Every structure is written in structure tokens, then in C-alpha cells.
Amino acid sequence: MSQDPTRTVEQRLRAAVESSPSGILMTDAAGRIVLVNREIERLFGYAREELLGRSVESLVPERFRGNHPAFRTGFHSDPRVRAMGVGRDLYGLRKDGSEVPIEIGLTPVVTEEGLFVLASIVDITARRKADARFRIAVESSPNGMVMVDSQGKIVLVNRAIERMFGYRREELLGQTIEILVPDRFRARHPSDRGGFFAAPRERSMGAGRDLFGLRKDGSEIPVEIGLNPIETEEGMFVLSSIVDISARKQAEAEHQELEDQLRQSQKLEAVGTLAGGIAHDFRNILNGIIGFGELLGENLQGDKGADDLAELLRFASRGKDLVERILTFSRRQEPTLKPIPLKPAVAEALKLLRATLPTSVDIEVNLREAPRVLADVTSVHQVVTNLGTNAAHAMPAGGRLAITLEPFYVRDSFARANPELREGEYAMLTIQDSGHGMDAATRARVFEPFFTTKAPGSGTGLGLAMVHGIMKEHAGAVLLSSELGEGTTVRCFFPALYDESAATTQTETPAPRGQGQHVLYVDDEPGLARIGERRLALLGYRVTVATDGKAARAKFLADPAGFDVVVTDFTMPEMSGLELARELIAIRPDIPIIMTTGYIDEFPPDAIAEAGVRRLAMKPIGMQELARVVAEVLTMHTRE
């Protein structure tokens with residue numbers, strides 16, 4: 001016997017409704033429940049018999065129940081398939097009084113009995129939990145999170161974005177993402193955004209470029225951005241992860257500054273190494289010039305050429321002082337400060353400066369009497385020379401250079417504005433030019449070692465750095481003011497010397513003379529050996545000369561008791577001055593030894609003492625200094 005096809009279809013429909021993973025519920029025109037499936041029983045906690053015939057409002061939470069009949073009536077007046085409560089959160093009321101978040105789809109069903117409504121109900125508790133976890137993750141992220149739609153409108157932000165950009169969430173939602181983009185990038189940003197939506201893929205935005213975000217207060221912050229496309233039922237969205245890298249940029253800047261300082265330190269070390277390599281030979285050259293000049297001067301007493309020779313010797317002595325200044329700068333050693341009046345020192349430096357500057361530079365000098373200061377004359381010369389030369393370089397077509405020396409009282413307000421100064425009296429040296437001036441970026445760096453705006457080969461960049469270092473050594477300060485097109489003014493402040501008792505005038509005393517004592521003079525430069533021999537002979541000593549360490553040792557061995565003092569160079573081939581000193585002391589422990597050197601490096605005190613050296617004299621050494629050192633060592637030996 002065959003089964004009724006209609007009955008078979010009905011059985012299948014019932015089975016489908018019962019097996020549906022969604023809750024299926026049907027109501028009549030009065031809102032009474034006429035059909036439920038097992039998922040509805042599970043979802044609301046009622047047995048089927050408890051629901052059938054009950055008003056559907058019994059499944060609606062009380063806070064929504066008053067409006068529900070009107071919604072139901074509205075659906076019956078315009079029956080069509082639709083989602084109920086689009087844009088609103090919907091909840092169902094369970095038998096135990098708890099609520100469950102749901103989504104509802106409504107379908108009108110027309111039958112012979114009239115219009116029914118079939119509701120498909122989905123429990124979205126799990127989805128809500130997942131959404132909550134997502135929101136917690138987004139809110140808790142240390143990175144800023146922004147989601148935008150295809151039109152670039154912001155649909156989601158987290159707390160980090162509020163903190164990073166200074167906006168409240170409500171101020172950003174619905175705005176285009178360009179609100180966070182600086183003006184200079186804003187015009188092309190929509191095009192970049194459109195390009196991403198056309199080819200969406202996970203990527204870093206602006207790889208290889210510096211990116212910036214615009215804060216509400218108008219300031220900018222450096223950022224890194226990662227983009228992730230997200231497909232949803234509503235369409236494509238882009239989730240941006242934004243990191244404020246201000247701290248990293250600052251750390252990188254500090255690291256770069258340390259690297260720059262290291263490079264400058266290495267440059268200074270290279271200068272010191274280079275200076276050490278050439279110092280010996282250069283000092284020997286100066287020693288020869290000064291030595292033969294002094295000897296020539298002995299024969300030109302009263303001659304017309306004596307004044308010229310004296311000027312030549314002054315320039316050679318200036319060369320010696322200049323070498324010492326450069327070596328002191330490279331070694332960061334303190335200069336020898338003495339009480340001096342600044343006016344004569346500046347005037348002397350101007351003589352050399354006038355000779356070196358082009359005639360197109362008009363020099364105006366106004367040197368007033370200023371307080372005495374504790375200073376190094378060579379350092380003062382360096383300040384005037386470096387600042388004057390720099391000023392001339394700023395006036396390639398010529399101009400005016402004004403050099404002024406005057407007393408200046410630093411008041412408390414001026415000292416507060418310039419922390420390197422303190423209230424009190426100063427001697428102020430001002431050097432002002434009418435050159436092209438400097439912009440703010442240049443002014444900020446002018447005192448850095450090796451910084452220069454000159455073309456390669458036109459300067460080392462050490463000049464202003466040396467001036468700054470000199471003024472610090474003198475407990476003073478250097479202030480620079482300059483504007484583009486308005487020239488540059490540099491003011492150097494030397495603290496006044498208040499303790500005049502320390503500022504006694506030093507008069508040059510005649511060179512102490514010998515009384516026929518026998519000197520062994522050793523230098524591997526024959527010319528310098530002859531100078532030493534002739535100088536000491538003029539000073540009243542008997543002299544034996546040797547041009548290498550072995551020859552000196554042999555002459556000493558021939559008559560150890562016949563010598564009163566030994567003067568030896570340090571750097572010699574085969575046997576150095578220290579090695580010679582050790583051997584002579586081994587032969588005669590009481591022999592006084594003086595060692596001359598042009599070597600830059602400091603000698604270990606222990607090594608000097610162990611070798612028996614009584615005095616160390618730096619080349620080039622003049623006759624006056626040689627006479628003084630030999631006399632001092634002989635006097636010390638006699639007292640012993």
C-alpha cells in the first residue's frame with residue numbers, strides 16, 4: 001500500500017523544522033504561539049506545551065514588552081521578509097527570568113487560515129562573548145587601533161588612539177581618517193587609501209618613509225602604521241595599528257648624537273696623533289730658526305738689522321706658541337694662566353692679523369683700558385686670530401671688521417640669561433663683521449669641533465671650537481649674535497682679576513751664566529747640536545757635542561767624572577734619550593741629566609725618574625730657557 005505524498009512532505013517539513021539549528025517559532029495574527037521547535041525549547045527553557053497558545057510577548061523582556069504589540073501590528077500591515085530590530089540589540093526572556101541576546105528574522109506565511117509570522121531566532125551569546133573579547137583586546141592594546149570603512153570614515157577607535165591623538169572617541173567616530181593626517185600629506189591621502197582598497201593586503205604603510213600623525217592640538221607625532229583588510233557582511237574595512245615612535249626617535253637622535261660625539265672624539269684623537277707625529281720635526285725646525293736667530297742677534301748688536309731679526313724671532317716664537325696651543329687643544333690640557341693686561345696682548349695679535357687679512361677688509365680698532373685678567377697670552381692671540389680670520393671669510397668681497405676692548409660689568413639679570421657668566425667685572429673683547437651672517441641652524445652649531453660652512457679644503461672647523469674651549473679654560477664665556485645679511489658679533493668675556501697682589505709685573509732677568517762647567521750636549525740634528533754648543537759657550541760653559549746616543553756614551557765613558565751635566569734629545573736613532581740616560585746613570589748615578597723633546601705624548605713620571613732625568617724641556621727651547629734650566633739643575637746638584 002503506497003504512502004500519501006502530501007503526508008510525506010508534511011513529515012519532511014516537520015523534521016526540517018525540528019532539526020534546524022535556529023529556533024523556529026510561528027505566531028498567528030493575535031500574536032499567539034502556534035509552532036515551536038526543539039531549539040526554541042532549549043533557548044528559552046520552556047517545554048513545547050508551555051509555549052503553544054501563549055502570547056509571544058511572554059518571551060520579550062519587560063522593558064521592551066510595551067512597544068512590542070505595535071511592532072507586531074506594523075509587520076502585519078506590511079508583511080515582508082526582514083530582520084527585526086536592525087541596528088538595535090535584541091534580547092529574549094527565558095523561563096528562569098534571564099535574558100539571552102538574539103537575532104530574529106521574520107517571514108510572513110499566508111495560509112487558508114490567514115496570515116502567520118514565522119520567526120527564525122538565533123542565540124548570539126557566543127558571538128557576543130567573542131565580540132566582547134575582541135573589544136577588550138582592542139581596548140587593551142598598547143598600540144592605537146583605528147578601523148575605517150571604504151569611504152575612509154572612522155568606525156572604531158581604542159583608548160590608545162584617544163591618548164595618542166588627544167581626541168575623545170565621540171569626536172573621531174564618523175570623521176574621515178584624514179583628520180589624523182598632517183596638512184602636507186592630506187591632499188594625496190585619499191588616493192593612497194583608494195589604492196589600498198583596490199588591492200587590499202596586509203602591509204606596513206609608508207615603508208621607507210617617515211610618517212606623522214596630527215594631534216588635536218596641532219602638534220605632530222612620528223608614527224608607524226600597519227594595515228590589515230577585514231572582510232565583513234557590511235563590506236571591506238581596514239584595521240590600522242598605529243604606534244607612537246616618539247620615544248624611539250628621541251633614543252635614535254640621542255644615539256646619533258653619541259655617535260657624532262664619538263666621531264668628533266676620534267677626529268680629535270686623530271689630530272692629536274697627527275700632531276704627535278709632526279711635533280718633533282716641526283719643533284726641531286723652529287728650534288733651529290730660533291737658535292740661529294739668537295746667535296745671529298749676538299753679532300748684530302746695534303746693527304740696523306737687529307730690529308728685523310727681533311721681529312723674526314717674535315714670529316718664530318709665535319709659531320712655537322701656536323704649536324703648543326694646538327697640542328694643548330688636542331690633548332684637552334689646561335693652559336698656563338698668568339696675570340696680564342689684555343690691551344697689549346690684543347694689540348700684538350692685531351699686528352699679525354693685519355698682515356694676514358686682505359686689504360679689502362677695513363679694520364677698525366678701539367682698545368680701551370680694561371681690567372687685568374688671568375690669561376694665557378698665546379690663547380688671547382688665538383682668540384683674536386681665529387675670530388678675525390673667520391670674520392674675513394664671511395666678507396669675501398670685503399667689508400668692515402671692528403675690534404673693541406672695553407670694561408664690562410655683568411649684572412645679575414645678564415648673568416641669569418647667560419649661565420656661563422656671573423655678576424661682576426669683565427674685560428670684554430668684541431669682534432664684529434659686516435659679513436653675510438648666519439641662520440639659526442648654523443648659529444646652533446658654530447662652536448662644534450669640525451663644523452664648518454666653508455668649502456672642502458678652506459678650513460678645518462676648529463677655529464670657533466678652539467675659541468669656545470679657550471674661554472671656558474679662562475672661566476669666561478663667548479657669546480655670538482648673528483642674522484642673515486646683518487653680519488656677526490662675537491663677544492668674549494674675560495673675568496677681571498680682583499687680587500692685584502697676584503698680578504705682579506714680571507721683568508725679564510739676564511740669562512744665568514755658567515762658570516766653566518762641562519756640558520755633554522747630545523742631539524741627532526747636527527744643526528741643533530751646533531746651536532746648543534754655541535749657546536752654552538756664550539753662556540760660559542765648556543761643551544762637548546755628540547750627535548747620537550752611542551757616541552755620547554763613548555765620550556762619557558772616556559771621562560765620567562769630567563762632566564757636570566748632560567743635555568740630551570729624546571728622539572734619536574738606535575738609542576733614545578731615555579736609554580742613554582739609564583746607561584749614564586748606571587755609570588755615574590749622580591750625573592744631572594736634562595732631556596729635551598718635541599714629542600707630544602706625556603712621559604710617564606716613573607719612567608723619567610727611573611732613568612735619572614732631572615728636567616724635561618720642550619722644544620723649541622730658547623737661550624734664556626736653556627740657561628735657566630741648566631743653572632737650576634746644577635744648583636740642585638750642588639745642594640745635594
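Bear in mind that the values here come from a model prediction, so they are computed numbers and not experimental data.
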Criterion side-chain contact (heavy atoms from CB on, under 4.5 Å) on Phe556 and Arg588, from CA distance to verdict: CA-CA 10 Å; Phe556 191 81; Arg588 183 182 153 191; 4.0 Å; yes

Under a 4.5 Å cut-off applied to non-hydrogen side-chain atoms, are Asp376 and Glu473 in contact? no

Do any N or O atoms from the side chain of Lys555 and from the backbone of Val545 form a donor-acceptor pair under 3.5 angstrom? yes

Pair Val565, Arg614 - check side-chain contact (heavy atoms from CB on, under 4.5 Å), show working. CA-CA 10 Å; Val565 64; Arg614 302 289 184 92; over 6 Å; no

Atom pair CG/CG of Leu405 and Leu350 - distance to nearest 0.5 Å: 10.0 Å

Looking only at non-hydrogen atoms, find the nearest pair between Ala552 and Leu520 and report the distance. O-CD2, 3.8 Å

Tell me whether the rings of Phe493 and Phe414 are parallel (<30°), tilted (30 to 60°) or perpendicular (>60°). tilted

Check whether any side-chain heavy atom of Leu528 sits under 4.5 Å from a side-chain heavy atom of Asp569, and report yes or no. no

For a 4.5 angstrom cut-off between non-hydrogen side-chain atoms, does Leu429 reach Val490? no

Indicate yes or no: at least one non-hydrogen side-chain atom of Asp210 is less than 4.5 angstrom from one of Pro222. no

Side-chain contact, heavy-atom cut-off 4.5 Å: Leu634 with Tyr541? yes

Taking all non-hydrogen atoms of both residues, which atom of Val373 and which atom of Ala427 are closest, and how far apart? CG1-CB, 4.0 Å

Short side-chain to backbone donor-acceptor contact, His474 and Phe494, under 3.5 Å: no

Which distance, rounded to the nearest 0.5 Å, do you find between the CG of Leu342 and the CG of Leu367? 10.0 Å

So, for Gly388 and Ile431, which heavy atoms are closest and what is the spacing to 0.1 Å? N-CD1, 4.3 Å

With a 3.5 Å distance limit and no angle check, can you tell me whether Asp433 reaches the backbone of Gly487 through a side-chain donor-acceptor pair? no

Using atom types as modelled and distance alone, determine if a side-chain donor or acceptor of Gln517 lies under 3.5 Å from a backbone N or O of Gln515. yes

Verify side-chain contact (heavy atoms from CB on, under 4.5 Å) between Arg628 and Gln624, making sure each step is shown before the conclusion. CA-CA 6 Å; Arg628 179 183 58 78; Gln624 185 84 10; 5.9 Å; no

Between the main-chain N or O of Gln432 and the side-chain N or O of Arg491, is there a donor-acceptor pair closer than 3.5 Å? no

Interatomic distance, CD1@Ile531 vs CG@Leu536, rounded to 0.5 Å, equals 11.5 Å

Working to the nearest 0.5 angstrom, can you tell me the gap between His393 NE2 and His436 NE2? 10.0 Å

Using 0.5 Å steps for rounding, measure from the CD atom of Glu525 to the CE atom of Met572. 12.0 Å

What residue pairs, at least two apart or across chains, pass side chain to side chain donor-acceptor pair (under 3.5 Å) with a residue in residues 475-488? Ser482-Thr488

Is the shortest heavy-atom distance from the side chain of Arg582 to the side chain of Glu610 under 4.5 Å? yes

Atom OG1 of Thr596 and atom CD1 of Ile621: how far apart are they, to the nearest 0.5 Å? 7.0 Å

Glu420 and Met471: side-chain contact (heavy atoms from CB on, under 4.5 Å), yes or no, with the steps? CA-CA 10 Å; Glu420 292 178 325; Met471 296 312 300; over 6 Å; no

Arg400 backbone acceptor or donor facing Ser434 side chain under 3.5 Å: yes

CZ/Arg422: more than 12 non-hydrogen atoms of other groups inside 6.0 Å: no

Can you give me the closest heavy-atom contact between Leu539 and Pro512, atom names plus distance? CD2-O, 4.0 Å

Residue pair Leu401 / Met395, side-chain heavy-atom distance below 4.5 Å: yes

Close side-chain approach of Met575 to Asp548, heavy-atom, < 4.5 Å: no

Where do Pro407 and Glu425 come nearest, in terms of heavy atoms and distance? CB-OE2, 4.5 Å

Considering all heavy atoms, the nearest Ala392-Val361 contact: CB-CG2, 4.3 Å

Sorted by chain and number, sequence neighbours left out, salt bridge (Lys or Arg N to Asp or Glu O under 4.0 Å) with Lys472 holds for none

